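Worksheet for the structure shown next.
Atoms within a ligand are numbered from 1 in the order they appear, just like the ligands themselves. All heavy atoms count here, side chains included; hydrogens, waters and symmetry mates do not. Given the structure is predicted, the values throughout are model-derived calculations rather than measurements.
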Amino acid sequence: MPLHPPARIGQSVDDIDTPALVIDLDAFERNIATMAALIPDGIRLRAHAKTHKSAKIAALQMAAGAIGVCCQKVSEASQLVEAGVTNVMVSNQVVGQHKLSRLAELAGKATVSVCVDDAENITALSAAVASAGTTLQVLVEIDVGSHRCGVAPGEPAVALARLIADSDALEFAGLQAYHGSAQHFRTDAERGSAIEYAVADVEKTRRLLTQAGLDCPIVAGAGTGTYSHEIASGVYNELQAGSYVFMDADYARNFDGDDEPTSAFEHALFVVSTVMSSTRPGHAVLDAGHKSVAIDSGYPNVWKREGTRYTGASDEHGVLEIDDAHNTPSLGEHIWLVPGHCDPTVNLHNWYVGVRGDKVESIWPVDARGAIY
Ligand SMILES: Cc1ncc(COP(=O)(O)O)c(C=O)c1O
């Protein structure tokens, strides 16, 4: 059973127990509205829910026009469907009998789709779905440059699409063409050029699919780093951006160069922490280490406190260094941190504390916390 939440609705933000995962609701709502406004006619948003793992946030994204969400794991999708989400794509490969059976059963409870990059996996998927008596939409994932999952574009992808189309239990839904590494290329020109190559791969594969008599209704991909390029491509029609909803410190570094477009999105996710030791000038220790804030994409940024940097993390301690010209924070002071990477930070917490101004307005569970299988 999860611990009780670190705050109560109506409390002052100063009374939140820490470390706590806090959403600035005004910034968060603006991020959802901004992304909804950026999606042109003919393109759909299927927001990535691995960012937030929350049915409540999925519902808010869908109320603003998203057609559904993506999940990365079957258990993540199951948790969100149990909590009321009606349309989920597992934007990943699902391998192994336990997972395939759970996925096939889930397809009886919601609209579900999945990605494949292997013929044997299609055979196993088809058998699981037939035995569950459900149907499943399947996208062929092509490797457009990330060199993670995905079959080679062109004929190898068409061969898999044909296998799917020939299975009674499965429906060929299109291509998954997500370029993961391009999301964090630091200049817009680099990101744009990576997506140009991805678009060429998709176009080549689509041409061959048409020649083979196979429709390709969906071309899916894009994240918070590249979505504007997929929108401009004329090829992608389903976008999977996720982090835009919270905007972490690492994504902010994409948009900090002189020639960079300013990010359309604001920091909306924070880990609020408390100074637990302040023994000398220029040095303080927080109660938020890497069990409260992920450090895989760098240390968190200290929010709105000039001359103060987070410089070291152990399990339950975070070290601050403070420049000479600035005050060292005192014992008990709250320090707001912008996580380097929002997704794994969220997975460390049971609850979101939603704040508006200086009041706690909502407490939401992180429904799919720990759903990694
Ligand atoms: C398959 C897939 N689609 C989309 C995304 C985009 O997410 P974000 O906008 O958080 O970068 C990811 C992130 O890793 C992903 O793995």
Under 3.5 Å between some N or O of ligand 1 and some N or O of [X]?
X: D343; answer: no
X: T224; answer: yes
X: Y251; answer: yes
X: K50; answer: yes

If the threshold is 4.0 Å, N to carboxylate O, is there a salt bridge linking K56 and D367?
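Result for this pair is no, no salt bridge flagged.
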Between R148 and D143, is the closest basic N to carboxylate O distance under 4.0 Å?
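Here D143 does not pair with R148 in a salt bridge, since their nearest N and O are not under 4.0 Å apart.
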Proximity flag A241 to ligand 1, non-hydrogen atoms under 4.0 Å:
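So A241 counts as touching ligand 1.
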R148 heavy atom under 4.0 Å from ligand 1
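It does; at least one heavy atom falls under 4.0 Å.
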Are any side-chain N or O atoms of R46 and backbone N or O atoms of L239, one a donor and one an acceptor, separated by less than 3.5 Å?
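Flag not set: sc R46 to bb L239 has no pair under 3.5 Å.
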Any idea which atoms of ligand 1 are less than 4.0 Å away from a heavy-atom of [X]?
X: G223; value: 6 (C), 9 (O)
X: A222; value: 4 (C)
X: Q176; value: 1 (C)
X: S91; value: 1 (C)

Could you find the nearest protein heavy atom to [atom] and give me its residue, atom name and distance?
atom: atom 3 (N) of ligand 1; value: Q240 OE1, 2.9 Å
atom: atom 16 (O) of ligand 1; value: Q72 NE2, 2.8 Å
atom: atom 10 (O) of ligand 1; value: S243 OG, 2.4 Å
atom: atom 7 (O) of ligand 1; value: G242 N, 3.7 Å

Ring geometry between Y352 and W364 (parallel below 30°, tilted from 30 to 60°, perpendicular above 60°):
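The arrangement is perpendicular - the two ring planes meet at more than 60°.
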According to the ring-ring contact (aromatic ring centres under 6.0 Å, His included) rule, which pairs have a member within residues 151-210, sequence neighbours left out?
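Every ring-ring contact (aromatic ring centres under 6.0 Å, His included) pair that includes a residue of residues 151-210, provided the two are not neighbours, is H184-Y251.
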Out of F246, Y227, Y178, indicate the one that has the non-hydrogen atom closest to atom 5 (C) of ligand 1.
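Closest candidate by heavy-atom distance is Y178.
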Among D201, T205, L139, I218, which residue meets the side chain to side chain contact (heavy atoms under 4.5 Å, CB included) test with L175?
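The side chain to side chain contact (heavy atoms under 4.5 Å, CB included) with L175 is passed solely by T205 among D201, T205, L139, I218.
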Going only through I, L, V, M, F, W and Y residues with side-chain contacts under 4.5 Å, is there a path from I295 to L269?
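Yes; tracing contacts between hydrophobic side chains, which count when under 4.5 Å, links both residues.
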Linked, directly or transitively: W336 and V338 (ILVMFWY side chains, under 4.5 Å):
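Shared cluster, yes.
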Under 3.5 Å, is there a donor-acceptor pair linking the side chains of D296 and H290?
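Judged by distance alone, the side chains do not pair up.
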Short side-chain donor-acceptor distance under 3.5 Å, S91 and Q72:
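On atom types as modelled, these side chains qualify, holding a pair under 3.5 Å.
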